[in-house]
Amino acid sequence: MQIVSSSLKTKLNLALPIFLGQIGFTINGLCDNLMVSKLGILPLASFSLANNLLFIFFSFNLGFTLMITPLISQKYHENKFEDIGHLLFNGSILYFFVGFLLFTFLIFIGNNLNIFGQTQEVINYTKPYFRIISYSFIPSALLQVLKQFSDGMEKTKQAMYPILFTIILNIFLNYILIFGKFGFNRFGLMGSAYGSLFSRCLLFIILLITLLYSSKTKIVLKNYFSNKFCFASIKQIFKLSTFSSFQIFFKIILITSTVILAGRFGSLLQAGNQIILSIYNLLFAVPFSLAVASAITVTRNPSKTKFLKITLFSFIKISITFIIPIVVFITILKTQIVSLYTNYQTLAQSVYNVFIFLVIFYIFDSIETIILGTLRGLKETIYPFFMTSSVYIFISIPLSFVFIQKMALNGIWLGLSIGSFVSLFLLLLRFRFLIKK
């Protein structure tokens with residue numbers, strides 16, 4: 001107990017850089033949302049459709065690469081640096097082919113946006129933006145491998161600084177390109193695409209250089225090509241990564257389905273849902289960073305029942321400590337928050353009404369995310385995938401579809417809240433079973 005208590009500071013030190021990096025990405029998306037929203041409802045609806053579709057592919061790739069973090073972390077605590085290099089080499093081969101397939105499918109989606117049932121006006125506005133922003137998937141996929149490698153080596157600060165620097169640069173670039181400042185042409189929505197593509201390429205280069213000059217990561221990276229191809233290692237990583245990836249994929253499908261569902265009821269409802277999603281993505285940085293830190297922490301002693309229970313519930317307690325003030329803050333200042341996005345009263349009012357359901361969903365979803373991270377650290381991915389995806393498909397989406405008919409945006413997020421509660425309950429039962437076993 002004393003060891004776990006003394007490691008509370010270590011947990012926070014591990015989670016904080018991940019949180020700051022994640023919150024940086026989210027603030028970047030928030031600023032893009034705010035700037036694009038000033039262009040009008042049609043650009044915002046197009047921005048929403050393109051980025052939420054792209055986010056599905058980013059998240060699928062993230063799910064694959066997330067599993068290499070606890071694998072590397074376990075070898076790191078055993079001081080097996082040769083095994084780390086072996087994992088990184090074979091893992092990156094797997095991730096290259098997965099990334100190539102995802103990018104190919106992404107191009108196909110960009111050429112067939114009409115299959116999502118959006119208005120022709122939105123599709124015509126979205127296509128050129130989607131084409132440019134799709135190419136940013138390549139540097140982002142490469143970046144994610146480096147990011148998960150550095151997290152597994154517990155060098156979370158090494159990734160945090162380049163992320164924060166390039167995010168500030170991206171916000172500045174998007175501002176001058178969207179609105180045509182400092183002598184640049186006004187590109188409107190396309191300015192966001194150009195700025196994001198450049199920033200993501202630069203971030204990969206800076207992070208690679210940073211890790212090449214960091215004390216322990218450079219040992220692995222400089223010997224990268226001395227490792228040998230091993231099909232058995234790729235098979236092991238693929239088996240663990242696939243279910244983790246599909247779990248996150250179905251989660252993002254769930255969130256993205258709200259965009260498509262709202263879009264079927266008009267661009268006004270779609271724009272309102274995008275504002276809610278933007279706020280949720282900003283809040284999600286807290287549980288996501290704690291989930292990654294929890295996955296890394298449990299790899300230190302995965303066989304001790306008491307250690308696992310204390311690790312999980314300490315991270316849940318930390319999460320709740322942050323969540324309660326956040327919930328109070330956004331509830332009190334919801335008018336001011338929404339006014340950052342729009343001054344159109346009809347749109348603003350529809351967003352105000354959803355806040356109570358957003359808060360409920362956020363609380364359940366945060367605890368669910370931390371449990372999933374802990375289970376991922378235990379290499380437990382199959383059962384969580386089937387549990388959560390079943391809930392998303394058979395409860396959350398159908399309920400959202402039914403409730404939106406009578407409750408508009410409220411109905412979407414009420415359906416998500418009910419599904420998240422059921423998913424949380426099932427995951428707690430699974431963790432309880434593993435502890436007893």
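Here salt bridge (Lys or Arg N to Asp or Glu O under 4.0 Å) pairs that include residues 357-366, with residues two or more places apart or in two chains, are Lys251-Asp365. Within the structure, side-chain hydrogen bond (donor to acceptor under 3.5 Å, both in side chains) contacts touching residues 189-203 (residues at least two apart or in different chains) are Ser136-Arg200, Asn170-Ser199. Listed by first and then second residue, the ring pair (Phe, Tyr, Trp, His ring centres under 6.0 Å) pairs involving residues 144-167 amount to none (not counting sequence neighbours). Among residue pairs with one or both ends in residues 390-413, none qualify as salt bridge (Lys or Arg N to Asp or Glu O under 4.0 Å); sequence neighbours excluded.
For the residue pair Tyr175/Asp32, the side-chain donor-acceptor check at 3.5 Å is not satisfied. Side-chain atoms of Thr65 and Gln148 form no donor-acceptor pair, as typed in the model, at a separation below 3.5 Å.
Rounding to the nearest 0.5 Å places CG of Leu173 at 9.0 Å from CG of Leu202. The CG atom of Leu177 sits 10.5 Å away from atom CZ of Phe198, with the distance rounded to the nearest 0.5 Å. Separation of atoms CD (Glu380) and CZ (Phe431) is listed at 10.5 Å; rounding is to 0.5 Å. Rounding to the nearest 0.5 angstrom, the gap separating the CG atom in Leu416 from the CG atom in Leu358 is 10.0 Å. With rounding to the nearest 0.5 angstrom, the CH2 atom of Trp413 is 12.0 Å from the CD1 atom of Ile404. Here CG of Leu53 is found 12.5 Å from CD1 of Ile133. Values are rounded to the nearest 0.5 Å.
Pairing each heavy atom of Leu283 with each of Tyr362, the nearest pair is O-OH, 2.9 Å.
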query: What's the verdict on side chain to side chain contact (heavy atoms under 4.5 Å, CB included) for Ser396 and Val391, showing C-alpha distance, side-chain angles and the deciding distance?
result: CA-CA 6 Å; Ser396 299; Val391 171; 4.2 Å; yes
- request: Take Ile279 and Phe355, measure what side chain to side chain contact (heavy atoms under 4.5 Å, CB included) needs, and give me the verdict at the end.
  value: CA-CA 10 Å; Ile279 296 170; Phe355 261 69; 3.8 Å; yes
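Ring centers of Phe361 and Phe421: at least 6.0 Å apart, outside the cut-off.
Within the 4.5 Å cutoff, the side chain of Leu208 has heavy atoms near those of the Leu146 side chain. Counting heavy atoms from C-beta on, the side chains of Tyr135 and Phe103 come closer than 4.5 Å.
Partners of Pro43 according to the side chain to side chain contact (heavy atoms under 4.5 Å, CB included) rule, which considers only residues two or more places apart in sequence or in another chain, are Val36, Leu39, Tyr125.
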Pairs under 3.5 angstrom only: tabulate donor-acceptor contacts from the side chains of residues 104-112 to other protein residues two or more places apart or in another chain.
| unit_1 | atom_1 | unit_2 | atom_2 | d |
| --- | --- | --- | --- | --- |
| Thr104 | OG1 | Phe100 | O | 2.9 |
| Asn111 | ND2 | Ile107 | O | 3.3 |
| Asn112 | ND2 | Phe108 | O | 2.8 |

